[in-house]
Amino acid sequence: MKENVKQVFGTYEWAVENANFINGCSNNCKYCYSREMAIRFKRKTSENWSTEEINYNQFNKKIKKVDGFIMFPSSHDITPVNLPSTIIFLKKLLEAKNNILIVSKPHFEVIQSICNNFSQYKKHILFRFTIGSKNNETLNFWEPGAPNYEERKRCLIYAYENGFETSISCEPMLDRNTVNLISDLQDYVTDFIWIGKANFLLRRLTMNGITDSETIERAEKLMNSQSDSNIKMLYRKLKDNPKIKWKESIKRVLNLEISTVKGLDE
């Protein structure tokens with residue numbers, strides 16, 4: 001692992017490298033940082049972001065072994081549409097003896113297929129399922145193309161019962177019911193539950209072309225719910241739970257140490 005002079009944040013809190021081979025994502029999340037970056041650098045537009053396109057340069061490149069976790073994917077998701085290509089790509093990552101952090105808003109057929117295809121690589125796979133709310137209306141509003149809560153929970157249980165290491169990303173939190181969410185899921189988590197704020201929300205919504213009054217109003221309400229005082233209150237409720245980890249956005253509020261080592265995952 002490489003020591004940085006700067007504090008790490010984002011995906012580098014979890015992994016030393018990222019792997020991706022798709023441009024675009026059918027989840028179509030309104031707050032998506034990858035969507036923001038793709039639009040900013042003119043790789044995609046707001047209108048065609050949800051159309052998934054294979055980047056064959058990335059798909060065909062030679063895979064090397066790295067020291068630490070590779071996060072896959074980090075700028076798109078694994079969906080039923082790209083599942084066949086994902087199985088090929090993931091096989092190359094694992095055959096190179098890498099440890100893979102699979103991060104997804106999971107579809108059941110996807111997770112079932114990965115578990116069935118790569119059961120021999122259990123020691124090299126850690127699932128991290130992104131679940132920001134138990135409320136399906138909330139999930140559908142912010143993540144209109146992603147699976148509902150029940151399907152994501154089903155994926156978590158399936159991976160857990162099939163002997164895979166499991167974790168949760170509750171980043172961004174999408175409401176104030178995080179404690180209830182954790183209570184409902186933690187029995188199926190072998191690793192950790194990461195909690196983080198909605199980062200740069202208004203900027204990302206603007207870049208992503210989502211500026212209707214309802215979204216902006218709900219964004220402002222969400223940001224207000226993640227005020228410093230509310231974050232500190234959440235911390236007091238969860239600080240004794242050994243499965244909880246805090247993302248950089250919350251560590252700053254709490255004056256907790258922020259790592260300078262990529263992929264430390266703590």
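Scanning both residues, Ala19 and Ile70, for their nearest heavy atoms gives CB-CG2, 3.7 Å. Summarising the geometry of Pro106 relative to Ser104, their closest heavy-atom pair is CD-O, 3.2 Å, with the distance given to 0.1 Å. When all heavy atoms of Glu52 and Gly24 are compared, the pair lying nearest together is CG-O, 4.0 Å. Scanning both residues, Asn20 and Ser74, for their nearest heavy atoms gives OD1-N, 2.6 Å. The two residues Ser169 and Trp14 come nearest to each other via the heavy atoms OG-CH2, 3.4 Å. The two atoms that bring Leu139 and Gly132 nearest to each other are CD2-N, 4.4 Å, heavy atoms only.
Summarising the geometry, atom CG belonging to Asn117 is positioned 10.5 Å from atom CD belonging to Gln112; distances are rounded to the nearest 0.5 Å. Interatomic distance, CG of Asn98 versus NZ of Lys92, reported as 12.0 Å (0.5 Å rounding). Annotation: the span from Leu93 atom CG to Ile88 atom CD1 amounts to 12.5 Å, rounded to 0.5 Å. Atom-to-atom distance recorded for Glu143:CD and Ile131:CD1 is 10.0 Å, nearest 0.5 angstrom. For the atom pair Ile114 CD1 and Leu83 CG, the distance stands at 6.5 Å (nearest 0.5 Å). To the nearest 0.5 Å, atoms CG (Asn18) and OG1 (Thr11) are separated by 3.5 Å.
Two residues are said to be in side-chain contact when any heavy atoms from C-beta on lie closer than 4.5 Å; Lys245 and Ser167 fail this criterion. The shortest distance between side-chain heavy atoms of Ile78 and Ile102 falls below 4.5 Å. Residues Ile195 and Leu234 have side chains in contact (heavy-atom distance under 4.5 Å, counting atoms from C-beta outward). At least one side-chain heavy atom of Lys197 sits under 4.5 Å from a side-chain heavy atom of Ile231. Looking at Tyr149 and Asn135, their side chains never come closer than 4.5 Å, going by heavy atoms from C-beta outward. By the 4.5 Å heavy-atom criterion applied to side chains, Gln226 and Ile250 are not counted as neighbours. A 4.5 Å side-chain heavy-atom check between Ile54 and Ser85 finds at least one atom pair inside the cut-off. Contact annotation: the side chain of Glu214 approaches that of Phe141 to within less than 4.5 Å [non-hydrogen atoms, C-beta and beyond].
Side chain of Asn208 to main chain of Arg204: a donor-acceptor pair is present (N/O by atom type, distance under 3.5 Å, no hydrogens or angles). At least one donor-acceptor pair closer than 3.5 Å links the side chain of Asn82 to the backbone N or O of Asp77. No donor-acceptor pair closer than 3.5 Å links the side chain of Asn55 to the backbone N or O of Asn23. Of the possible polar contacts, none joining the Thr166 side chain to the Phe127 backbone as a donor-acceptor pair under 3.5 Å is found. One N or O on the side chain of Lys243 and one on the backbone of Gln186 form a donor-acceptor pair closer than 3.5 Å. When atom types are taken as modelled, the side chain of His124 and the backbone of Lys97 share no donor-acceptor pair closer than 3.5 angstrom. No donor-acceptor distance shorter than 3.5 angstrom exists from the side chain of Thr215 to the backbone of Ile210, with no hydrogens or angles considered. Within the 3.5 Å criterion, the main-chain N or O of Leu222 finds a donor-acceptor partner in the side chain of Ser225.
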Any chance you could lay out the side-chain contact (heavy atoms from CB on, under 4.5 Å) test for Cys170 and Leu181, step after step, and finish with the verdict?
CA-CA 9 Å; Cys170 187; Leu181 173 71; 3.6 Å; yes
Please test Arg218 against Trp142 for side-chain contact (heavy atoms from CB on, under 4.5 Å), starting from the C-alpha separation and ending with a verdict.
CA-CA 10 Å; Arg218 290 182 66 154; Trp142 290 109; 4.1 Å; yes
List the steps, then state whether salt bridge (charged side-chain N to carboxylate O under 4.0 Å, His left out) holds for Glu17 with Lys64.
CA-CA 11 Å; Glu17 287 190 11; Lys64 298 180 180 179; over 6 Å; no
Salt bridge (charged side-chain N to carboxylate O under 4.0 Å, His left out), that's the test. Do Glu150 and Arg154 meet it? Break it down for me.
CA-CA 6 Å; Glu150 288 75 20; Arg154 185 185 178 198; over 6 Å; no
What verdict does the side-chain contact (heavy atoms from CB on, under 4.5 Å) test give for Leu174 and Tyr31, after you've listed the backbone C-alpha separation in whole Å, the side-chain angles of each residue and the deciding distance to 0.1 Å?
CA-CA 11 Å; Leu174 295 175; Tyr31 57 77; 4.2 Å; yes
Working note: Glu165 + Ile125, criterion side-chain contact (heavy atoms from CB on, under 4.5 Å); need CA distance, chi angles, decisive distance, verdict.
CA-CA 7 Å; Glu165 296 297 312; Ile125 293 174; over 6 Å; no
Step-by-step salt bridge (charged side-chain N to carboxylate O under 4.0 Å, His left out) determination, Arg252 to Glu248:
CA-CA 6 Å; Arg252 290 192 184 279; Glu248 170 264 348; 2.3 Å; yes
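Dense packing is recorded around CZ of Phe59, with more than 12 heavy atoms of other residues, nucleotides or ligands lying under 6.0 Å away. Within a 6.0 Å sphere centred on CD of Gln120, other residues, nucleotides and ligands contribute more than 12 heavy atoms. Environment of NZ in Lys221: sparse, with no more than 12 heavy atoms of neighbouring residues, nucleotides or ligands closer than 6.0 Å. Shown here is Glu137, whose CD atom has more than 12 heavy atoms of other residues, nucleotides or ligands within 6.0 Å.
Using a 30° and 60° split on the angle between ring planes, Phe89 and Phe72 fall in the tilted class, from 30° to 60°.
Val110 pairs with exactly one of Cys115, Pro80, Pro147 by the side-chain contact (heavy atoms from CB on, under 4.5 Å) rule, that one being Pro80.
For the residue pair Thr51/Asn48, the side-chain donor-acceptor check at 3.5 Å is not satisfied. Side chains of Arg35 and Asn28: a donor-acceptor N/O pair is present below 3.5 angstrom, by distance only.
Residues in residues 170-196 take part in these salt bridge (charged side-chain N to carboxylate O under 4.0 Å, His left out) pairs, two or more places apart or across chains: Arg128-Asp191, Lys153-Asp184, Glu171-Lys247.
Under the 4.5 Å side-chain heavy-atom criterion for ILVMFWY residues, a single connected hydrophobic cluster contains both Met173 and Leu202. Transitive grouping of hydrophobic side chains (ILVMFWY, heavy atoms separated by less than 4.5 Å) keeps Met207 and Ile216 in distinct clusters. In this structure, Ile39 is not a member of the same hydrophobic cluster as Leu201, with clusters built from ILVMFWY side-chain heavy atoms closer than 4.5 Å. Clustering ILVMFWY residues whenever any of their side-chain heavy atoms sit less than 4.5 angstrom apart, transitively, puts Ile87 in the very cluster that holds Ile100. Under the 4.5 Å side-chain contact rule for hydrophobic residues, Val253 and Phe200 do not share a cluster.
For Phe192, there are no ring-ring contact (aromatic ring centres under 6.0 Å, His included) partners, not counting sequence neighbours. In terms of the side-chain hydrogen bond (donor to acceptor under 3.5 Å, both in side chains) criterion, Glu151 has no residue partners (sequence neighbours excluded).
At least one cation-pi condition fails for Lys91 and Tyr121: the charged atom is not both under 6.0 angstrom from the six-membered ring centre and inside a 45 degree cone around its axis.
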